[in-house]
Amino acid sequence: MSGRRGARILVGVLAGAVLGVAELVFLGVAWPARLVPAARAGLDRGAERLLAWERARLATWLGRRTDAGGGYGFLAVRAIAGPLAGYGVIAGLILGALLVSGGLRDLLTGGSAPVPVRFPGVRLESNVGVVELVTGTFVLALTAAGVLAAGAADRLLADRFLGPDGRERMRRRIAELTATRSDIVRAVDDERRRIERDLHDGVQQRGLALAMLLGRARHDADPARSAALVAQAYDESRRLLDELRSVAWRVYPTALDELGLRAALAGVAERAGVPVTVRYGIAGRPVSEIETARYFVAREAITNAIKHAGARDILVVVEEDEGTVRVAVTDDGAGGADPAGGGLSGLARRVRALDGAFTVDSPPGGPTRIAATLPKEVPCG
């Protein structure tokens with residue numbers, strides 16, 4: 001676990017301790033006050049406010065987004081668990097810090113005396129500073145484990161009290177899969193139309209021009225003009241081959257299968273025409289569907305940045321954590337990208353079909369950041 005994530009969990013647990021005290025005070029007043037019918041509406045509003053703060057704490061510091069639900073049962077559990085966990089962590093941090101600092105001070109100043117250390121069948125002598133340092137480090141390690149346990153307990157409580165029940169989760173999943181299936185069909189249709197446009201507007205036109213040049217050369221009686229037309233036809237055939245390679249590359253690059261995402265993104269950067277920096281922070285290769293989705297997100301974002309936003313510098317960051325992989329493309333262009341546009345909406349459908357999240361942040365004037373977060377494994381339903 002990274003230090004940043006550990007610090008976020010620590011802040012979340014400590015914030016939960018403060019909220020737990022507020023909830024304990026509130027419940028101490030609310031239970032008897034609910035006997036008065038006129039006070040119930042105000043108490044319910046107070047409970048909703050505390051629940052809203054709890055949901056914000058869970059989402060901000062513990063990475064758990066919850067529904068707008070819950071009630072007095074959740075507040076009652078949190079009123080006990082929150083202060084116990086939070087203040088236990090505070091006590092562990094203070095005790096561990098005092099022991100470590102005291103041990104370091106004694107070792108550096110040489111003011112500590114020997115102290116006997118007894119184990120079954122063994123008797124040793126150690127420096128007081130060493131004992132303090134070791135004990136303090138052990139206390140801090142236990143406190144860190146307690147922070148992780150408290151964060152996990154908070155997330156479990158949120159799932160139990162603030163999340164939907166099993167039937168509601170099933171209903172939402174069915175609705176999500178139905179929408180995703182429709183999105184996949186639309187994405188396939190959009191991709192088919194795009195390929196047809198590429199073939200019609202590019203390859204077909206060049207093939208027609210090549211046929212016309214060869215036809216003129218065939219029927220021209222002047223050898224010099226015929227040779228010139230054949231030379232033009234040769235040049236047109238070279239352009240036709242380039243166009244075919246370009247269309248094939250836009251449909252699906254072979255480098256993605258053969259060499260992986262890093263090499264495919266390097267190819268995109270080379271073809272971009274503007275500086276594109278790729279920071280690739282993934283050790284292995286995810287499954288093909290996930291890798292392909294990340295490639296198309298990066299490629300489409302780079303193309304849009306150059307074509308529509310006039311970007312002069314583009315950064316692509318590919319990274320991972322325990323269960324997800326992410327790709328984010330940031331450019332210094334004019335901004336104003338429309339998430340509902342054909343290209344970006346198609347990417348959003350492709351990402352959602354894999355249970356991923358797709359975001360577009362593009363204020364007028366820029367910069368634009370397009371990001372996709374995907375699971376490492378293909379969802380199975």
Side-chain angles (χ1 to χ4, degrees), residues 1-28 50 53-66 74-162 281 283 319-324:
M1 183 188 67
S2 67
R4 179 180 297 179
R5 184 185 174 203
R8 292 179 69 86
I9 295 175
L10 174 60
V11 173
V13 171
L14 295 180
V18 176
L19 267 178
V21 172
E23 289 154 359
L24 187 60
V25 173
F26 172 78
L27 291 175
L50 288 171
W53 288 344
E54 284 284 6
R55 287 192 291 270
R57 177 183 71 89
L58 289 164
T60 303
W61 302 110
L62 299 178
R64 180 69 89 241
R65 297 191 179 278
T66 57
F74 177 73
L75 295 179
V77 175
R78 284 285 307 135
I80 299 172
L84 286 177
Y87 295 117
V89 167
I90 292 174
L93 290 174
I94 293 174
L95 178 61
L98 289 175
L99 287 170
V100 170
S101 61
L104 290 174
R105 183 182 63 250
D106 289 343
L107 289 175
L108 292 174
T109 59
S112 61
V115 61
V117 179
R118 292 184 176 87
F119 296 99
V122 180
R123 184 180 184 280
L124 302 173
E125 282 195 356
S126 180
N127 192 286
V128 171
V130 173
V131 173
E132 289 178 330
L133 186 60
V134 171
T135 305
T137 302
F138 180 70
V139 170
L140 289 177
L142 283 180
T143 304
V147 168
L148 297 181
D154 269 352
R155 289 190 287 269
L156 288 175
L157 286 175
D159 292 341
R160 170 64 179 83
F161 288 94
L162 302 181
E319 55 189 358
E320 65 180 342
D321 59 18
E322 295 174 359
T324 62

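Atoms considered below: every heavy atom in the structure, side chains included; atoms not considered: hydrogens, waters and symmetry mates. What you are looking at is a predicted structure, and each value in this text was computed from that prediction instead of being measured.
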Exercise for the section: Please test E54 against L50 for side-chain contact (heavy atoms from CB on, under 4.5 Å), starting from the C-alpha separation and ending with a verdict. Expected result: CA-CA 6 Å; E54 284 284 6; L50 288 171; 5.7 Å; no
Completion exercise
CG (L75) and CZ (F161) are apart, to the nearest 0.5 Å, by 10.0 Å
Problem - Rounded distance [0.5 Å steps], CZ in R55 versus CZ in F74 - result: 9.0 Å
Handout entry: For R155, side-chain hydrogen bond (donor to acceptor under 3.5 Å, both in side chains) partners two or more places apart
Key = none
Problem - Donor-acceptor pair, side chain of S101 and main chain of L98, under 3.5 angstrom - result: yes
Handout entry: R78 side, atom CZ; L84 side, atom CG - distance, nearest 0.5 Å
Key = 10.5 Å
Problem - Heavy-atom pair with the smallest gap, counting every atom of A17 and G86 - result: CB-CA, 3.5 Å
Fill in the blank from the handout: L10 and L93 have their tightest heavy-atom pair at CD1-CD1, 4.2 Å
Problem - CZ/F138: more than 12 non-hydrogen atoms of other groups inside 6.0 Å - result: no
Practice task
Check whether any side-chain heavy atom of L133 sits under 4.5 Å from a side-chain heavy atom of L99, and report yes or no.
Solution key: no
Handout entry: Atom pair OG1 (T143) and CD1 (I90), whose distance is rounded to the nearest 0.5 Å
Key = 11.0 Å
Handout entry: Nearest atoms (heavy-atom pairs only) where G92 meets L140
Key = O-CD2, 4.1 Å
Problem - Test: D154 and R64 ion pair at under 4.0 Å - result: no
Problem - Closest contact, heavy atoms only, V13 versus G151 - result: CG2-N, 4.0 Å
Handout entry: W61 and L14: CA distance, side-chain angles, deciding distance, side-chain contact (heavy atoms from CB on, under 4.5 Å) verdict
Key = CA-CA 10 Å; W61 302 110; L14 295 180; over 6 Å; no
Completion exercise
For T324 and D321, the nearest pair of non-hydrogen atoms, with its separation, is OG1-OD1, 2.7 Å
